[in-house]
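Worksheet: one structure, shown below.
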Amino acid sequence: MSKPKFVPLTTYREYAEDEMQRRAAEFYEEANRRRTVREFSDRPVDRRVLDDCLRAAGTAPSGANLQPWHFVVVTDPEMKRRIREGAEKEEREFYEHRAPQEWLDALAPLGTDSNKPFLETAPALVAIFAQNSGTRPDGSPIKHYYAVESVGLASGILISALHHAGLATLTHTPSPMGFLNELLERPANERPFLLLVVGYPADDAEVPDISRKQLEEFVTSF
Ligand SMILES: Cc1cc2nc3c(=O)[nH]c(=O)nc-3n(C[C@H](O)[C@H](O)[C@H](O)COP(=O)(O)O)c2cc1C
(Lines give C-alpha, C1' and ligand atoms only; values in the text may rest on other atoms or scores of the structure.)
Protein backbone atom coordinates (compact mmCIF):
# COMPACT_ATOMS: atom_id res chain seq x y z
CA MET A 1 0.00 0.00 0.00
CA SER A 2 1.40 3.42 -0.95
CA LYS A 3 1.26 6.25 1.58
CA PRO A 4 -1.89 8.42 1.19
CA LYS A 5 -1.23 11.85 -0.30
CA PHE A 6 -2.79 15.00 1.15
CA VAL A 7 -3.26 18.49 -0.33
CA PRO A 8 -4.30 21.75 1.39
CA LEU A 9 -8.04 22.40 1.69
CA THR A 10 -8.42 25.36 -0.67
CA THR A 11 -12.09 25.01 -1.60
CA TYR A 12 -13.73 25.67 1.79
CA ARG A 13 -15.32 29.11 2.30
CA GLU A 14 -16.44 30.58 5.59
CA TYR A 15 -19.14 33.28 5.60
CA ALA A 16 -19.94 36.02 8.12
CA GLU A 17 -22.77 34.94 10.43
CA ASP A 18 -25.52 37.04 8.79
CA GLU A 19 -24.40 35.97 5.34
CA MET A 20 -24.44 32.36 6.52
CA GLN A 21 -28.00 32.76 7.83
CA ARG A 22 -29.11 34.39 4.59
CA ARG A 23 -27.57 31.62 2.48
CA ALA A 24 -29.15 28.88 4.59
CA ALA A 25 -32.59 30.54 4.47
CA GLU A 26 -32.34 31.12 0.72
CA PHE A 27 -31.32 27.53 0.10
CA TYR A 28 -34.28 26.28 2.10
CA GLU A 29 -36.68 28.61 0.28
CA GLU A 30 -35.42 27.39 -3.05
CA ALA A 31 -35.55 23.72 -2.01
CA ASN A 32 -39.08 24.23 -0.72
CA ARG A 33 -40.22 25.41 -4.16
CA ARG A 34 -39.30 22.06 -5.72
CA ARG A 35 -42.19 19.84 -6.62
CA THR A 36 -42.33 16.53 -8.39
CA VAL A 37 -43.88 17.23 -11.78
CA ARG A 38 -45.82 14.61 -13.72
CA GLU A 39 -46.94 16.71 -16.70
CA PHE A 40 -44.10 17.81 -18.93
CA SER A 41 -43.75 20.00 -22.01
CA ASP A 42 -41.80 18.54 -24.93
CA ARG A 43 -39.48 21.58 -25.01
CA PRO A 44 -35.90 20.35 -25.33
CA VAL A 45 -33.41 20.99 -22.54
CA ASP A 46 -29.92 22.34 -23.01
CA ARG A 47 -27.47 19.44 -22.84
CA ARG A 48 -24.82 21.73 -21.29
CA VAL A 49 -27.17 22.42 -18.38
CA LEU A 50 -27.83 18.71 -17.95
CA ASP A 51 -24.12 17.95 -18.03
CA ASP A 52 -23.29 20.55 -15.36
CA CYS A 53 -26.05 19.13 -13.14
CA LEU A 54 -24.62 15.64 -13.70
CA ARG A 55 -21.17 16.99 -12.82
CA ALA A 56 -22.69 18.30 -9.59
CA ALA A 57 -24.17 14.83 -8.91
CA GLY A 58 -20.71 13.38 -9.41
CA THR A 59 -19.41 15.52 -6.51
CA ALA A 60 -21.51 13.51 -4.01
CA PRO A 61 -19.69 11.92 -1.11
CA SER A 62 -19.43 8.15 -1.55
CA GLY A 63 -18.38 5.20 0.58
CA ALA A 64 -14.56 4.91 0.32
CA ASN A 65 -14.79 7.40 -2.59
CA LEU A 66 -15.76 4.54 -4.89
CA GLN A 67 -18.33 6.73 -6.73
CA PRO A 68 -20.57 3.74 -7.45
CA TRP A 69 -22.92 5.45 -9.89
CA HIS A 70 -23.64 5.54 -13.57
CA PHE A 71 -26.05 7.91 -15.30
CA VAL A 72 -27.58 7.24 -18.73
CA VAL A 73 -29.07 10.31 -20.45
CA VAL A 74 -31.83 9.40 -22.89
CA THR A 75 -33.20 11.95 -25.35
CA ASP A 76 -33.75 9.65 -28.35
CA PRO A 77 -37.54 9.41 -28.99
CA GLU A 78 -37.40 5.73 -29.94
CA MET A 79 -35.47 4.80 -26.76
CA LYS A 80 -37.89 6.88 -24.67
CA ARG A 81 -40.77 5.00 -26.31
CA ARG A 82 -39.19 1.66 -25.44
CA ILE A 83 -38.57 2.78 -21.85
CA ARG A 84 -42.22 3.87 -21.56
CA GLU A 85 -43.32 0.51 -22.92
CA GLY A 86 -41.12 -1.36 -20.39
CA ALA A 87 -42.17 0.85 -17.48
CA GLU A 88 -45.90 0.70 -18.23
CA LYS A 89 -45.74 -3.09 -18.46
CA GLU A 90 -44.25 -3.27 -14.95
CA GLU A 91 -46.57 -0.58 -13.64
CA ARG A 92 -49.70 -2.34 -14.93
CA GLU A 93 -48.56 -5.48 -13.15
CA PHE A 94 -47.90 -3.41 -10.02
CA TYR A 95 -51.17 -1.48 -9.92
CA GLU A 96 -53.36 -4.42 -10.99
CA HIS A 97 -51.72 -7.36 -9.17
CA ARG A 98 -48.56 -6.84 -7.13
CA ALA A 99 -49.21 -3.74 -5.04
CA PRO A 100 -50.64 -4.42 -1.57
CA GLN A 101 -53.74 -2.34 -0.77
CA GLU A 102 -51.75 -0.42 1.87
CA TRP A 103 -49.31 0.78 -0.81
CA LEU A 104 -52.12 1.74 -3.18
CA ASP A 105 -53.73 3.68 -0.33
CA ALA A 106 -50.46 5.56 0.28
CA LEU A 107 -50.27 6.45 -3.43
CA ALA A 108 -53.91 7.54 -3.69
CA PRO A 109 -53.30 11.25 -2.83
CA LEU A 110 -50.84 11.47 -5.74
CA GLY A 111 -53.36 10.30 -8.33
CA THR A 112 -50.77 8.14 -10.12
CA ASP A 113 -51.64 5.12 -12.27
CA SER A 114 -49.91 2.82 -14.72
CA ASN A 115 -49.96 5.35 -17.59
CA LYS A 116 -46.62 7.08 -17.97
CA PRO A 117 -46.92 9.43 -20.98
CA PHE A 118 -44.26 11.73 -19.51
CA LEU A 119 -41.63 9.11 -20.32
CA GLU A 120 -42.13 10.08 -23.96
CA THR A 121 -43.20 13.71 -23.64
CA ALA A 122 -40.36 14.90 -21.43
CA PRO A 123 -37.24 15.79 -23.41
CA ALA A 124 -34.80 13.84 -21.22
CA LEU A 125 -34.72 10.80 -18.99
CA VAL A 126 -31.77 10.12 -16.73
CA ALA A 127 -31.53 6.48 -15.71
CA ILE A 128 -29.43 6.23 -12.56
CA PHE A 129 -27.63 2.97 -11.84
CA ALA A 130 -25.94 1.82 -8.62
CA GLN A 131 -22.83 -0.30 -9.10
CA ASN A 132 -22.51 -3.07 -6.53
CA SER A 133 -18.94 -3.64 -7.64
CA GLY A 134 -16.40 -2.12 -9.99
CA THR A 135 -12.93 -2.62 -11.35
CA ARG A 136 -9.66 -1.14 -10.17
CA PRO A 137 -7.41 0.59 -12.72
CA ASP A 138 -5.47 -2.72 -12.96
CA GLY A 139 -8.68 -4.51 -13.94
CA SER A 140 -9.12 -6.42 -10.65
CA PRO A 141 -12.62 -6.43 -9.11
CA ILE A 142 -13.54 -4.22 -6.16
CA LYS A 143 -16.64 -4.38 -3.98
CA HIS A 144 -18.51 -1.09 -3.60
CA TYR A 145 -19.43 -0.21 -0.02
CA TYR A 146 -22.57 1.79 0.75
CA ALA A 147 -23.51 1.91 -2.94
CA VAL A 148 -27.19 2.61 -2.25
CA GLU A 149 -26.48 5.41 0.22
CA SER A 150 -23.92 6.97 -2.13
CA VAL A 151 -26.16 6.83 -5.21
CA GLY A 152 -29.03 8.23 -3.14
CA LEU A 153 -26.89 11.22 -2.23
CA ALA A 154 -25.77 11.72 -5.85
CA SER A 155 -29.39 11.52 -6.99
CA GLY A 156 -30.44 14.10 -4.42
CA ILE A 157 -27.74 16.47 -5.58
CA LEU A 158 -28.80 15.92 -9.21
CA ILE A 159 -32.45 16.67 -8.42
CA SER A 160 -31.43 19.81 -6.49
CA ALA A 161 -29.04 20.97 -9.22
CA LEU A 162 -31.70 20.54 -11.93
CA HIS A 163 -34.23 22.42 -9.80
CA HIS A 164 -31.67 25.15 -9.13
CA ALA A 165 -31.10 25.47 -12.89
CA GLY A 166 -34.84 25.88 -13.49
CA LEU A 167 -35.76 22.40 -14.68
CA ALA A 168 -38.47 20.15 -13.29
CA THR A 169 -38.02 16.50 -12.36
CA LEU A 170 -40.01 13.41 -11.58
CA THR A 171 -38.36 10.72 -9.51
CA HIS A 172 -39.76 7.59 -11.11
CA THR A 173 -39.31 4.03 -9.86
CA PRO A 174 -41.17 1.53 -12.02
CA SER A 175 -40.76 -1.69 -10.11
CA PRO A 176 -38.89 -3.84 -10.94
CA MET A 177 -36.60 -1.83 -13.21
CA GLY A 178 -34.45 -4.63 -14.59
CA PHE A 179 -35.70 -3.85 -18.12
CA LEU A 180 -33.49 -0.73 -18.01
CA ASN A 181 -30.30 -2.83 -17.92
CA GLU A 182 -31.29 -4.55 -21.11
CA LEU A 183 -32.54 -1.48 -22.98
CA LEU A 184 -29.65 0.75 -21.93
CA GLU A 185 -26.98 -1.98 -22.21
CA ARG A 186 -25.78 -1.75 -18.62
CA PRO A 187 -23.81 -4.61 -17.09
CA ALA A 188 -25.04 -7.06 -14.43
CA ASN A 189 -23.08 -5.38 -11.59
CA GLU A 190 -25.33 -2.29 -11.99
CA ARG A 191 -28.78 -2.08 -10.47
CA PRO A 192 -31.27 0.51 -11.76
CA PHE A 193 -31.80 2.96 -8.92
CA LEU A 194 -34.09 5.70 -10.26
CA LEU A 195 -35.44 6.91 -13.54
CA LEU A 196 -35.35 10.69 -13.39
CA VAL A 197 -37.65 12.48 -15.82
CA VAL A 198 -36.29 15.93 -16.68
CA GLY A 199 -37.74 18.89 -18.53
CA TYR A 200 -40.02 21.90 -18.34
CA PRO A 201 -43.44 21.54 -16.73
CA ALA A 202 -46.43 21.62 -19.11
CA ASP A 203 -48.09 25.06 -19.16
CA ASP A 204 -51.13 23.73 -17.31
CA ALA A 205 -49.22 21.37 -15.01
CA GLU A 206 -50.80 20.66 -11.64
CA VAL A 207 -49.30 18.94 -8.61
CA PRO A 208 -50.94 17.06 -5.75
CA ASP A 209 -52.03 19.21 -2.83
CA ILE A 210 -49.83 17.56 -0.24
CA SER A 211 -47.83 18.99 2.66
CA ARG A 212 -44.36 18.65 4.12
CA LYS A 213 -43.64 17.86 7.75
CA GLN A 214 -42.65 20.77 9.95
CA LEU A 215 -39.12 20.84 11.40
CA GLU A 216 -40.36 19.89 14.87
CA GLU A 217 -41.94 16.75 13.44
CA PHE A 218 -38.77 15.34 11.94
CA VAL A 219 -35.95 16.73 14.07
CA THR A 220 -35.04 16.00 17.68
CA SER A 221 -32.06 17.49 19.43
CA PHE A 222 -29.87 16.69 22.40
C1 LIG B 1 -37.50 6.92 -4.10
C2 LIG B 1 -38.66 7.64 -4.72
C3 LIG B 1 -39.46 6.98 -5.62
C4 LIG B 1 -40.52 7.64 -6.23
N5 LIG B 1 -41.24 7.00 -7.20
C6 LIG B 1 -42.21 7.66 -7.85
C7 LIG B 1 -42.90 7.02 -8.92
O8 LIG B 1 -42.59 5.90 -9.32
N9 LIG B 1 -43.89 7.70 -9.54
C10 LIG B 1 -44.24 8.98 -9.16
O11 LIG B 1 -45.15 9.55 -9.76
N12 LIG B 1 -43.59 9.61 -8.15
C13 LIG B 1 -42.58 8.98 -7.50
N14 LIG B 1 -41.86 9.63 -6.52
C15 LIG B 1 -42.18 11.03 -6.20
C16 LIG B 1 -42.90 11.16 -4.88
O17 LIG B 1 -44.23 10.72 -5.00
C18 LIG B 1 -42.85 12.64 -4.42
O19 LIG B 1 -41.52 12.99 -4.18
C20 LIG B 1 -43.67 12.86 -3.16
O21 LIG B 1 -45.02 12.65 -3.42
C22 LIG B 1 -43.47 14.27 -2.61
O23 LIG B 1 -43.82 15.24 -3.58
P24 LIG B 1 -42.81 16.40 -3.96
O25 LIG B 1 -41.58 15.74 -4.55
O26 LIG B 1 -43.55 17.26 -4.94
O27 LIG B 1 -42.45 17.11 -2.70
C28 LIG B 1 -40.80 8.98 -5.90
C29 LIG B 1 -39.97 9.65 -4.98
C30 LIG B 1 -38.92 8.99 -4.40
C31 LIG B 1 -38.02 9.73 -3.45
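Quantities reported herein were computed from a predicted structural model and do not represent experimental measurements. Quick note: numbers below take in every heavy atom, side chains included, and nothing from hydrogens, waters or symmetry partners. We count ligands from 1, going down the list as the structure has it; atoms in each ligand are counted the same way. Along the sequence shown, the residues carry numbers beginning at 1.
Near Arg35, with a cut-off below 4.0 Å to any heavy atom, the atoms of ligand 1 are 24 (P), 26 (O), 27 (O). The contact set between ligand 1 and His172, taken as ligand atoms under 4.0 Å from a residue heavy atom, comprises 7 (C), 8 (O), 9 (N). Below 4.0 Å from some heavy atom of Arg212 lie the following atoms of ligand 1, by number and element: 24 (P), 27 (O). Each of the following atoms of ligand 1 lies closer than 4.0 Å to a heavy atom of Thr112: 11 (O). Residue contact check: Leu170 has heavy atoms under 4.0 Å from atoms 10 (C), 11 (O), 12 (N) of ligand 1.
Closest heavy-atom approach to atom 20 (C) of ligand 1 among the candidates Asn32, Ile159, Leu195, Ile210: Ile210. Remark: among candidates Glu91, Arg38, Arg34, the nearest residue to atom 16 (C) of ligand 1 is Arg38, based on non-hydrogen atoms.
Taking CZ from Arg43 and CG from Asp203, the interatomic distance works out to 8.5 Å, rounded to the nearest 0.5 Å.
Using a 4.5 Å heavy-atom threshold, the side chains of Leu215 and Tyr28 count as separate. The closest side-chain heavy-atom distance from Val74 to Met79 is below 4.5 Å. Within the 4.5 Å cutoff, no side-chain heavy atoms of Thr169 are placed close to those of Thr36. Side-chain contact between Val198 and Phe40 is absent, with no heavy-atom pair separated by less than 4.5 Å.
A donor atom on one side chain and an acceptor atom on the other are found under 3.5 Å apart for Asn32 and Arg212.
A cation-pi arrangement, defined by a distance under 6.0 Å to the six-membered ring centre and an angle within 45 degrees of its axis, is present between Arg23 and Tyr15.
Under a cut-off of 6.0 angstrom, the local environment of CD in Glu17 is sparse, with at most 12 non-hydrogen atoms contributed by other residues, nucleotides or ligands.
For atom 19 (O) of ligand 1, the closest heavy atom belonging to the protein is Thr36 OG1, 3.3 Å. If you check which protein heavy atom lies closest to atom 13 (C) of ligand 1, you get Thr171 O, 2.8 Å. Ranking protein heavy atoms by distance to atom 3 (C) of ligand 1, first place goes to Thr173 OG1, 3.3 Å. Atom 1 (C) of ligand 1 has Leu194 CD2, 4.1 Å as its closest protein atom, hydrogens excluded (heavy atom only).
In Leu110, the part holding a heavy atom less than 4.0 Å from any atom of ligand 1 is the side chain.
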